[in-house]
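Only this structure's heavy atoms are used, side chains among them; waters, hydrogens and symmetry mates stay out. Numbering starts at 1 and runs along the sequence shown.
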Amino acid sequence: MRYEFRVTGCISTVMAEAFPELDRALVPQQTVLVGQVTDEAHLYGLLTRFQDLGLRVLEMRQLPEP
């Protein structure tokens, strides 16, 4: 499953390294992270990482498979 996460602010390259499985794109006042999520446990693990790093997830959505 591919997911897109939109977080508040532009996260640094160093902070993005906490999410090696996600690709990062900067947009005005947000960062978009996209990548494969293997299962529900992985999804909740990502959400926990966002929270632990103090990142606010504005939007999360599952993307259609290519």
Ring pair (Phe, Tyr, Trp, His ring centres under 6.0 Å) partners of residues 22-41, not counting sequence neighbours, each pair once: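 Listed once each, the pairs would be none.
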
side-chain hydrogen bond (donor to acceptor under 3.5 Å, both in side chains): which pairs involve residues 46-60, sequence neighbours left out?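 Of all non-adjacent pairs touching residues 46-60, those that pass side-chain hydrogen bond (donor to acceptor under 3.5 Å, both in side chains) are E21-R49.
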
Linking Ile, Leu, Val, Met, Phe, Trp and Tyr through side-chain heavy atoms less than 4.5 Å apart, which residues share a cluster with L22?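 Other cluster members: M1, Y3, F5, V7, I11, M15, F19, L33, V37, L43, Y44, L46, L47, F50, L53, L55, V57, M60.
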
Among residues at least two apart in sequence or on other chains, which ones pass side-chain contact (heavy atoms from CB on, under 4.5 Å) with [X]?
X	value
V27	R6, Q30, V32
D39	A41, H42
T13	E17, R24

